[in-house]
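Data first, discussion second: the structure below is written as structure tokens.
Excluded from the calculations below are hydrogen atoms, water molecules and symmetry mates; all remaining heavy atoms, backbone and side chain alike, are included. In what follows, every chain begins at residue 1, and chains take the letters A, B, ... in the order their sequences are listed. In this text the structure is predicted, and so the values were computed from the model without any measurement.
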There are 2 protein chains.
Amino acid sequence: MGVSLKDVAQRAGVSVKTVSNVVNDYPHVTPAMRARVQQAIDELGYRPNLTARHLRKGRTGIIALAVPELGNPYFAELASAVIDAAARHHYTVLLDHTAGMREKEMLVCQGFQTHVIDGLILSPIELENQDLHGRTDTSPLVLLGEREYDAPYDHIAIDNVAAARSAVRHLIAIGRQRIAFLGARAESARQPAHLRLRGWREELSAAGLPHDDSLVAPTDGYGRADGAQAMATLLDRGVRPDAVFAYNDLQAIGAMRVLGERGLRVPQDVAVVGFDDIEESRFGAITLTTVAPDKQAIARQAVNCVISRLTDSAEAEPRRLRPGHDLVVRESTLGRHQ
Amino acid sequence: MGVSLKDVAQRAGVSVKTVSNVVNDYPHVTPAMRARVQQAIDELGYRPNLTARHLRKGRTGIIALAVPELGNPYFAELASAVIDAAARHHYTVLLDHTAGMREKEMLVCQGFQTHVIDGLILSPIELENQDLHGRTDTSPLVLLGEREYDAPYDHIAIDNVAAARSAVRHLIAIGRQRIAFLGARAESARQPAHLRLRGWREELSAAGLPHDDSLVAPTDGYGRADGAQAMATLLDRGVRPDAVFAYNDLQAIGAMRVLGERGLRVPQDVAVVGFDDIEESRFGAITLTTVAPDKQAIARQAVNCVISRLTDSAEAEPRRLRPGHDLVVRESTLGRHQ
DNA sequence: TTGAAAGCGCTAACAA
DNA sequence: TTGTTAGCGCTTTCAA
């Protein structure tokens, strides 16, 4: 094994406690003693064994983040922000992905890596209420995203309905009337996209436009290919929208690809709005108008929630936080030269 | 604290060892005993404390992966593959990013989270040879990517020179003569892109074409904006290539955006080839021809390297593995209808 | 200000 | 087949 506290103590001719004091910057250590111990530490190349420390303290300083898919830039960017936010509090992040599968989501929230993670931030897709109620693990759990649960856990999500409405409002403002919604979930009993779909419906109603269900295109997944396929299906059915509001940027990008293949111009023939504001949306041949959730805020709030549950003795009520969002208008609705 | 082995033992009226045996599926336990212990476990809701197990065993089953930037889809996709590869061996991945900063890279490879990570997979950018030689941490380290070091560590990278040459060869084969290289590093003494740049040079020479240094455009970073800026700079200087080979897909995508803004058609006026084969490259208005490294193989080999160093007693020679790569030809060189 | 000793929860050697 | 016991390396009372 490696060098332990005891080895250092022996070398310096002091007790283990003294070495521990030095390592932990305990204030009441004479400079001379500190120097002597430090020398022994350096000579031996001592590194504290954090596993032992964790066992003793009952805390590891590691929090887990579970997202559906790291290949989705939204989650990659979010993960990046969470890692940074956690680092600012001296926490480390253990990252996992669930592929949006209920099984995996349950596994993760049931406390994988027992006692090695202090808390969990989970962005669920298929998880059900009952799965959450069955949770026995006692470490803090923070939920992220559009799904709503009535379980006593902190939940962080932007106002999806309002955000979706702002997107649709923008499309109406530029004169669009037949606005398709891409990305309703095809075969899921629950509807993960329900809030954005509701926003679409509400804003159309508010504008006195019908919400024609033939304009709602289901998808199986949340990727570019799913958006492309949904768009193609819609067009193949003879539906001809003058705008598309997609569940997320990836689907919007897939849809734009298909529109291009079919000779339809964006935005002249069909305007497109996405959701997430991933960096990719700022650099395509046609940049994408999109709803931009404040990812930094989401990450920060999520980490803060976990840490405050860990730190504050008071078991407060579950919190419901709403980070901000913005509509970022780009070429896919306004065209290149505006 | 939570429920411990001792509590379960007490409840079941047996010794801790017996409970431990049951928890660890030790074979020589009578079914009756197993049932009795299992019942106590269930009643108490016992979950083993992995931290304690880790301390005792000297292993945690956690390996760290440090990449420059999770916002770069190549690394996000790679991380995803590593997490899966690790999971297949019952390892968990702790993900960190270095922002390509030498300081952070040094910190990471100097053994952050001492004794809580069993090994490290690092994709360095600025790290220097001497940093590696100064490494005192004894846990296995596996290096990823283009940078070359003469330090005794496993290194996994595709044949960057050959891959770059295949890209340039393709451009020459479709009749291009003035092929720019995007993404040489501007102010770095070391040249992280040196192998791909060398491939560019070698293939041009082999074809009897001059390698005009005015066709080499430096960038500061590795993102879309950097590619866009480099392309713009090139065009502003009056340089007019008929093809661009970019260090990576992101830069290629940024370059294509600028070409479009300037009214240059891809591929008719300027053909573009990238490197990485990120998913984004398959869905743009103009899909991107690119070098596709075998990410699955890279991930698999990296995880295998770490684990075999952990497992096999024999301290073998440092390995140099070369996963495969492919040139994926798409619209940015052949056009839409081919 | 420093030392001695107990114990975090687990595994593994040894005993029974 | 099951029980006893000694640590893994650290922090932390309590005493000196």
Could you check which of [options] has an atom nearest any side-chain atom of [X]?
{"X": "B:Lys57", "options": "D:dC10, C:dC10, C:dA12", "value": "C:dA12"}
{"X": "B:Val16", "options": "D:dT2, D:dT5, C:dT2", "value": "D:dT5"}
{"X": "A:Met33", "options": "D:dT2, C:dT2, D:dG9", "value": "C:dT2"}
{"X": "A:Leu5", "options": "D:dT11, C:dC10, C:dT2", "value": "D:dT11"}
{"X": "A:His28", "options": "C:dT1, D:dT1, C:dT2", "value": "C:dT1"}

Output the rounded distance in Å from [atom1] ([X]) to [atom2] ([N]).
{"X": "A:Lys6", "N": "C:dA4", "atom1": "NZ", "atom2": "P", "value": "13 Å"}
{"X": "B:Asn49", "N": "C:dG7", "atom1": "CG", "atom2": "C1'", "value": "13 Å"}
{"X": "B:Lys17", "N": "D:dG7", "atom1": "NZ", "atom2": "P", "value": "18 Å"}
{"X": "A:Asn21", "N": "D:dC10", "atom1": "CG", "atom2": "P", "value": "14 Å"}
{"X": "A:His54", "N": "D:dT11", "atom1": "NE2", "atom2": "P", "value": "10 Å"}
{"X": "B:Leu44", "N": "C:dG9", "atom1": "CG", "atom2": "P", "value": "13 Å"}
{"X": "A:Arg53", "N": "C:dG9", "atom1": "CZ", "atom2": "C1'", "value": "18 Å"}
{"X": "A:His115", "N": "C:dG9", "atom1": "NE2", "atom2": "P", "value": "8 Å"}

Is [Y] close to [X] at the side-chain level, that is, under 4.5 Å between some pair of heavy atoms?
{"X": "B:Thr98", "Y": "B:Ile125", "answer": "no"}
{"X": "A:Arg135", "Y": "A:Ser139", "answer": "yes"}
{"X": "B:Glu103", "Y": "B:Glu105", "answer": "no"}

Just N and O in the side chain of [X]: are any of them under 4.0 Å from OP1 or OP2 of [N]?
{"X": "A:Ser20", "N": "D:dT11", "result": "yes"}
{"X": "A:Asn24", "N": "D:dT11", "result": "yes"}
{"X": "B:Ser4", "N": "C:dC8", "result": "no"}
{"X": "A:Thr51", "N": "D:dC10", "result": "no"}
{"X": "B:Ser15", "N": "D:dG3", "result": "yes"}
{"X": "A:Tyr26", "N": "C:dG3", "result": "no"}

**Asked** If you look at every strand shown and take non-hydrogen atoms under 4.0 Å, does B:Val23 touch a base, only sugar-phosphate, or nothing?
**Response** nothing

**Complete:** Comparing B:Thr30 with B:Leu55, nearest DNA chain D nucleotide closer to 5' gives the residue B:Thr30

**Asked** Which residue lies toward the 5' end of DNA chain D, B:Arg56 or B:Arg34, if each is placed at its nearest nucleotide?
**Response** B:Arg34

**Request:** Give the C-alpha distance, both sets of side-chain angles, the deciding distance and a yes or no for ring pair (Phe, Tyr, Trp, His ring centres under 6.0 Å) between A:Tyr153 and A:His155.
**Result:** CA-CA 6 Å; A:Tyr153 296 107; A:His155 185 183; over 10 Å; no

**Message:** To the nearest 0.5 Å, what is the distance between NE2 on B:His54 and CZ on B:Arg59?
**Reply:** 11.5 Å

**Prompt:** More than 12 foreign heavy atoms under 6.0 Å from CD of A:Gln130: is that the case here?
**Reply:** yes

